[in-house]
Amino acid sequence: MNRAILLVSHGNLASTMKDCVELIAGKQKQLFALSMDDQVTLDSFSRELESAVNQLLDRYKEIIILADIKGGTPCNAATLQVLKDSRVQVIAGFHLGLVIESCLSPVSPKELLANTSMSISYINSTVNPINIKEEL
């Protein structure tokens with residue numbers, strides 16, 4: 001599998017997510033993080049992201065950019081990269097399961113979403129409540 005996974009986010013979410021993935025799955029040489037602070041504009045983040053993408057495309061055949069939230073500046077900057085190079089693909093709304101699966105599985109981004117969307121669930125609807133009576 002010759003692809004890079006690049007996490008982009010507001011604040012430190014991308015770098016923290018990378019740390020979490022590596023805690024669970026070990027060091028991931030193809031996983032990178034780029035975070036945006038409150039002083040950064042779309043233009044400046046887009047330039048920083050473009051530079052990172054160009055460096056990664058020198059080493060990898062493709063890049064999947066996982067953005068924290070659809071419509072946010074990191075995702076919008078990533079979308080601009082899709083328009084510049086077909087080897088760049090973007091998924092918005094990353095979570096830990098998706099990032100781990102992206103690192104470990106060679107499947108397409110659409111398959112990644114299908115595989116990991118099932119891991120999101122409302123647990124209360126799947127368990128029976130236990131009635132605990134307080135003893136006085």
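- Of all the heavy atoms in N12 and S35, the pair that sits closest is CA-OG, 3.9 Å.
- Contact annotation: the side chain of T73 approaches that of M36 to within less than 4.5 Å [non-hydrogen atoms, C-beta and beyond].
- A heavy-atom distance below 4.5 Å is not found between the side chains of L7 and L34.
- Taking 4.5 Å as the limit, every side-chain heavy atom of Q55 sits out of range of all side-chain heavy atoms of L57.
- Rounded to the nearest 0.5 Å, atoms CE (M17) and CG (L31) are 10.0 Å apart.
- For the residue pair H10 and G72, the shortest heavy atom distance occurs at CE1-CA, 3.9 Å.
- For the atom pair N54 CG and R59 CZ, the distance stands at 13.5 Å (nearest 0.5 Å).
- Residues L6 and A33 come closest through the heavy atom pair CD1-N, 4.0 Å.
- Between the side chains of E50 and Q81, no donor-acceptor pair is found at a separation under 3.5 Å.
- In summary, K27 and E22 engage in a salt bridge, as defined by a charged side-chain N under 4.0 Å from a carboxylate O.
- In L113, the CG atom is crowded: over 12 heavy atoms of neighbouring residues, nucleotides or ligands sit closer than 6.0 Å.
- Of all heavy-atom pairs spanning V8 and F94, the tightest one is O-CE2, 3.5 Å.
- For the pair I69 and C75, the minimum side-chain heavy-atom distance is 4.5 Å or more.
- Between L104 and Q28 there is a side-chain heavy-atom pair separated by less than 4.5 Å.
- P74 and F45 make their closest contact through CA-CE2, 3.6 Å (heavy atoms, listed as atom of the first residue, atom of the second, distance).
- Between S102 and L98, some side-chain heavy-atom pair lies under the 4.5 Å cut-off.
- Side-chain contact between Q30 and C103 is present, with heavy atoms from C-beta onward closer than 4.5 Å.
- Side chains of T41 and S44: a donor on one and an acceptor on the other come within 3.5 Å.
- In terms of heavy atoms, V53 sits closest to I63 at O-CD1, 3.6 Å.
- Remark: the S51 side chain and the E48 side chain contain no N/O donor-acceptor pair separated by less than 3.5 Å.
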